[in-house]
Number of protein chains: 2
Amino acid sequence: MAMQAAGTDRPATIHDIAAICGVAASTVSRALSTPDRVNIRTRARIEAAAAELNYTPNSQAKALSSGRTGAVGVLVPDITNPFYFDLIRGTQLQLKAAGYTQLLVDTEESDEVEASTMEQLRKSADGIIVAASRLSDEALLAAAARIPMVTINRDVAGVPAVVIDTPSATSQALDHLISLGHTRIAYMAGPLTSQSSTLRWNALSAAAEDRGVEVRRLGPFAPKTQSGAAAADAAVHSGVTACIAFNDLIAIGMLQRLRERGIRVPEDISVVGCDDIFGADFCNPPLTTMASPIEQAGRVAVSMLLAQLNPLAGGGSRSRSLMPTHLTVRGSTGAAPGTL
Amino acid sequence: MAMQAAGTDRPATIHDIAAICGVAASTVSRALSTPDRVNIRTRARIEAAAAELNYTPNSQAKALSSGRTGAVGVLVPDITNPFYFDLIRGTQLQLKAAGYTQLLVDTEESDEVEASTMEQLRKSADGIIVAASRLSDEALLAAAARIPMVTINRDVAGVPAVVIDTPSATSQALDHLISLGHTRIAYMAGPLTSQSSTLRWNALSAAAEDRGVEVRRLGPFAPKTQSGAAAADAAVHSGVTACIAFNDLIAIGMLQRLRERGIRVPEDISVVGCDDIFGADFCNPPLTTMASPIEQAGRVAVSMLLAQLNPLAGGGSRSRSLMPTHLTVRGSTGAAPGTL
DNA sequence: CTGTTAATGACAACCGATTGCCAAATGATT
DNA sequence: AATCATTTGGCAATCGGTTGTCATTAACAG
């Protein structure tokens, strides 16, 4: 029985199986996907043949005839941003567990690439997960009407979303800085098209007003360590004693620049980051930052999307999930200069 | 003319276009893929209709009938390892430029996952790029016979490969340490299944013998920062004054552990990493490491694979590409203790 | 022993393209 | 004007499955 055509190089099809078992191709298809619609002994023969031929269903053909692709697109603005590493890993694991394939696309921080990718994915994926979308609310809503979608860190009415609650963590960060004696604080903003950046700023300035301290907004800065240099210079020039950066990349970049300029952290200026990405714990000094359950966010996003795709079990799928965050204090924040 | 069925929600097909233009579907197909096989005016009409309907070819159908999927699988052992970030970005950019889609898969450092992924990709991808394969030479060779493949950092006769020449960089690192007065040096090994680790060790011990210094091998250690703690303890316990780690993750983890234990770097012990990943420049102290052109390696791998897929232009495709590396000296290496 | 029902499996259409083959149309040639 | 070469474009098969329809069969109740 081991002598089956080892010479036939190309993958086995249901037709090969059907020929061997003397049944119709459709019977094979049913035996494999709807087992109880087929005689148990026939099924056994078919399964045996399939195993022997090392049969794997052709996903293209499956997708074409059934309409389901078994793939989910994951769109991120920048693959090399460590923030997305954990996110990608979270989606990957959860998708694989559910038998789906992940199509990862780097949209290069471009709304156009993002939009065209969505249009293409409409045919080749069953749904998409969009992280930190750069699209307008309208465009996003329109796209969501064409393909099942879950967004991450982008809240638009009508589109299921996973939101990491960094805004509320910013007030924690603010209180932390205030308790250290800081009164002149800056927010180093991220891209103008980033909703997260806007929400963080809104939360921060509201909290600042509430506490009666001054917080000014600087930037915008690109979410890369290289931008940290400009951010550091801007912060120093503005005369603040502490700053809260849009994300860890900017914060880490600031740390490097401040060190170059001989400005001590946290003695001369305190720096707070956001996301707690890879590297935040071993930079110099270690970064005080708002920790986000990023990988978990990815998993939740997948769960929400799959619930949307297979509305079987009555469990009403939530359309919005808020992930909690908390401040992780490390060495980059300290007492304000002049404080005893 | 703007009044075309806006209500029809599903994507346009060549049949829709054919109906509008009053030609056969095959003519549409030809007009779009073999323009000169079709009358220029007919083609113009078809193109106009296609544009108006916002037509995008269905990639599944295309793949099914043509046999080409337009996708390339990229297999990495661990998505969250920063080393692969740049690699992935390199492949992504080059693939997109060539009109291919990237299917990224995390094989979880498992040879079984790797093998089964390859089998599946055989139908859904035109070729694959395998980074740091954990498979045996035989398995890899067998797989390469079934699907066009290019490996990265894995040299097996008969399989096109991109190899980052870290082994030769290890002698540079060794000379660097020797010139600083170190004579007792350790190599903190990576996974046993990693060919890179073995090659580096071979190159290193050969060079050490040549220079007449002692280099011992410790480990193996998993390529994660967490393993750095064990590596640091092992290094300290062995009494060496310098060590060369399999990669930056281990090195950075060592840095953290040594700091915890109050052991100064580089005063008490010097540490050299490998790869120059994200974080190597801003850890504390900044890491001396062997810099690799990782993103470029990804691009080259894609080029080699595509040359293999489309052997059109006579340019004989090389089957092996060696990427140069160099030592980047930062703060984690210094004079051996006891040296003046 | 017959009638009814449920289980079973074969047939064929279809998903959306590609592509070989052939016929019609065009144009050039003599 | 008739003939031949060359375009041009339609038909239909094909890729590998899924799925609706329907005939057949077996099992059971009466």
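Computed over heavy atoms, backbone and side chain alike; hydrogens, waters and symmetry mates excluded. Keep in mind it's a predicted model, so treat the numbers as computed, not measured. Below, chain A is the first sequence line, B the second, and so on; all start at residue 1.
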Show me, pair by pair, the donor-acceptor contacts under 3.5 angstrom made by side chains of residues 34-50 of chain A, not counting sequence neighbours?
from	atom 1	to	atom 2	distance (Å)
A/N39	OD1	A/R41	N	2.6
A/N39	OD1	A/T42	N	3.4
A/R45	NH2	A/C21	O	2.5

- Task: Could you tell me which residues satisfy side-chain hydrogen bond (donor to acceptor under 3.5 Å, both in side chains) with A/R30, sequence neighbours excluded, listed by chain and number?
- Result: none
- Using rotation axes that map the C1' atoms of four end pairs onto the next four (five pairs an end), what angle separates the end axes of the helix from C/dC1-D/dG30 to C/dT30-D/dA1, to 10°? 40°
- Item | N/O donor-acceptor pair under 3.5 Å between B/S33 side chain and B/S29 backbone | yes
- Query: At under 4.0 Å between heavy atoms, what does B/T42 touch on the DNA or RNA strands: base, sugar-phosphate, or nothing?
  - Reply: sugar-phosphate
- Message: Any carboxylate oxygen within less than 4.0 angstrom of a Lys/Arg side-chain nitrogen, looking at B/R154 and B/D137?
- Response: yes
- Message: When you compare the side chain of B/L104 with that of B/I79, does any pair of heavy atoms fall below 4.5 Å?
- Response: yes
- Where at least one partner belongs to residues 12-24 of chain A, residue pairs that pass side-chain hydrogen bond (donor to acceptor under 3.5 Å, both in side chains), sequence neighbours excluded: none
- Message: Any residue in residues 23-30 of chain B with a heavy atom nearer than 4.0 angstrom to DNA chain D? Just list them by number, or reply none.
- Response: B/V23, B/A24, B/S26, B/T27, B/R30
- Item | Contact boundaries on DNA chain C for chain A, cut-off under 4.0 Å to non-hydrogen atoms | C/dT8 to C/dG16
- Item | Side-chain donor/acceptor of A/N153 to backbone N/O of A/A131, under 3.5 Å | no
- Residue pairs fulfilling side-chain hydrogen bond (donor to acceptor under 3.5 Å, both in side chains) with at least one residue in residues 99-116 of chain A, sequence neighbours excluded: A/T91-A/Q102, A/D106-B/R89, A/E108-B/K96, A/E109-A/R134, A/E114-A/S133
- So, with a heavy-atom separation below 4.0 Å from DNA chain D, the residues of residues 65-73 of chain B are B/S65
- Item | Residues in side-chain hydrogen bond (donor to acceptor under 3.5 Å, both in side chains) contact with B/T69, at least two apart in sequence or another chain | B/D126
- Message: Which residues pass the side-chain hydrogen bond (donor to acceptor under 3.5 Å, both in side chains) test with B/S65, not counting sequence neighbours?
- Response: none
- Message: I need the minimum non-hydrogen distance between A/Q60 and B/S124, along with the two atoms involved.
- Response: NE2-CA, 3.2 Å
- With sequence neighbours excluded, tell me which residues meet side-chain hydrogen bond (donor to acceptor under 3.5 Å, both in side chains) with B/R320. B/D155
- Query: For B/D36, which contact category applies under a 4.0 Å heavy-atom criterion: base, sugar-phosphate, or nothing?
  - Reply: sugar-phosphate
- Message: Show the nearest heavy-atom pair for residues A/Y84 and A/A132, with the distance to one decimal.
- Response: OH-CB, 3.4 Å
- Task: Give a yes or no answer on whether the side chain of A/T27 reaches the backbone of A/V23 with a donor-acceptor pair at less than 3.5 Å.
- Result: no
- Task: Walk along DNA chain D from 5' to 3' and tell me the first and last nucleotide with an atom closer than 4.0 Å to a non-hydrogen atom of chain B.
- Result: D/dT8 to D/dG16
- Could you walk me through whether B/I152 and B/L87 pass the side chain to side chain contact (heavy atoms under 4.5 Å, CB included) test, one step at a time? CA-CA 10 Å; B/I152 293 179; B/L87 191 68; 3.7 Å; yes
